[in-house]
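Here is the structure we will look at.
Per chain, numbering begins at 1; letters A, B, ... match sequence-line order. Owing to the predicted nature of the structure, the values given are computational and were not obtained by experimental measurement.
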2 protein chains.
Amino acid sequence: MPASVKNSPMSKESLLPPLAAHVLTHGLGQASLRPLARAAGTSDRMLLYHFGSKETLIAELLGFVARTYSQALDAALGSERAATRGQALARILTHARSPQMQPFMALWWEIVAGAARGLTGFAPAAHAITAELLGWLEGQMPADDPDPKGGARYLLTLIEGTLMLAAVGHEDTARDGLLASGLAPA
Amino acid sequence: MPASVKNSPMSKESLLPPLAAHVLTHGLGQASLRPLARAAGTSDRMLLYHFGSKETLIAELLGFVARTYSQALDAALGSERAATRGQALARILTHARSPQMQPFMALWWEIVAGAARGLTGFAPAAHAITAELLGWLEGQMPADDPDPKGGARYLLTLIEGTLMLAAVGHEDTARDGLLASGLAPA
DNA sequence: ATCTTTATGTAGCAAGTGCTACGTCCGCTT
DNA sequence: AAGCGGACGTAGCACTTGCTACATAAAGAT
């Protein structure tokens, strides 16, 4: 082992990004301390030292993922309003279906499942991510929209339904549904 | 131990109902062989004897859950057509939000998450359950609906979005979204 | 009556789980 | 210079994981 390897002290903040990366590719269900520690370049001992327990580690990790998602959303998507509701819908669906979003989508459904089961930390993260998406959608609503607030919530419902159907192999069903909604171009 | 206890031979079919009950209350993520066996009145040894491996056990269990869901859907919901799209929507949402459906809903999101992660057996079960719901919705569409096929898919998208938003604590958002859709009564 | 198949229990394996005990550096204060 | 507390490694605990080996008991087939 080279003596030049510095033992720079690791903070929770510096640990979270590699932990999130590991969870994004391997999933939350299989996330156990030792693989997580290996991914972060530490030991399970140190993870518990910093976070206290696995449960709070996961909770803090989900909070970090939610914050990261917010920033990614702001960065990837402009803030100019869409011309139509259909355009706002198309923009966000294109983004959600992009290849680099796929790991996040897989993690997203695990977060939803954890929230539905009442696991600690899951519900706040899921709620925050959804709220972030809703906020972005509200800003995207056309300037002449008669009901931007309700319209954004309507679009959000359609978006989440579309993404869920895609997750279970019913993307064609979702496409036909959006066609019938009158929002998607034929 | 009383000698009167009969060792009646257990078939896969007789094992599946108690296994499903256990998974419905405790979740798929924590489902390991020994607790499952205890719930079914057997040993892990016998579960492997009947199913070969945990992976195929889970896959067969998910198939059973999907079939059970179909029957529950047929039994709980009539087959008379709805008068309006909004009525069909309200019927299925009322059913999905009923207390006895909550364990299934929690399991449902785990199935979706597993399908999104590509776990074996999850995608077929998720696809089948969704198809069942879609088929029921098609039968519910009003007789005078201009596009029953597309309308059913549109409603399905809204339903799944609504249920997902409810799972993450955004039920009010979903309600406002449905209000803005014009399908729900004010 | 023997043989084979099916169903089951008991015991155990190697690996992995979250978590702890203990000791050791190293930089800081006093 | 001494001590102190944060940062880390090593070793290990008790437990659970999926799965297997081995024995056996009952039932049907020959």
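For dG18(C), its base sits under 3.5 Å from the side chain of R34(A) at one donor and acceptor pair at least.
Taking atom CG on L48(A) and atom C1' on dA21(C), their separation rounds to 14 Å, with Å as the unit. Whole-Å rounding puts the K54(B) NZ to dG18(D) P distance at 4 Å. Atom-to-atom, CD of E55(B) to P of dC19(D) comes out at 9 Å; the value is rounded to the nearest Å. One can place CD of Q30(B) at 11 Å from P of dG18(C), the figure rounded to the nearest angstrom. Atom-to-atom, CG of D44(B) to P of dG12(C) comes out at 15 Å; the value is rounded to the nearest Å. Taking atom NE2 of residue H26(B) and atom C1' of nucleotide dT16(D), one finds them 16 Å apart after rounding to whole Å. Nucleotide dG9(C) holds its P atom 14 Å from the CZ atom of R38(B), rounded to whole Å. Look at CE on M46(B): it is 15 Å from P on dC19(D), rounded to the nearest Å.
Between Y154(A) and Y154(B), the ring planes are perpendicular. Angles over 60° get that label, and only those under 30° would be called parallel.
Projected onto DNA chain C by closest heavy-atom contact, R45(A) and P35(A) fall at different nucleotides, the more 5' of which corresponds to P35(A).
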Stepwise side-chain contact (heavy atoms from CB on, under 4.5 Å) check, T130(A) with L156(A)
CA-CA 9 Å; T130(A) 305; L156(A) 180 62; 4.0 Å; yes
Decide salt bridge (charged side-chain N to carboxylate O under 4.0 Å, His left out) for R97(A) and E171(A); before the verdict, give the C-alpha distance in whole Å, the side-chain angles of both, and the deciding distance to 0.1 Å.
CA-CA 11 Å; R97(A) 293 198 273 232; E171(A) 37 271 307; over 6 Å; no
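Considering all non-hydrogen atoms of both residues, R85(B) and P142(B) come closest at N-CG, 3.6 Å.
Considering only side-chain N and O atoms, H50(B) lies nowhere under 4.0 angstrom from the phosphate OP1 or OP2 of dT6(C). One finds a side-chain N or O of S43(A) lying less than 4.0 angstrom from the OP1 or OP2 phosphate oxygen of dG9(D).
Of the candidate nucleotides dT16(D), dC19(D), dC19(C), dC19(C) has the atom lying nearest to any side-chain atom of L33(A).
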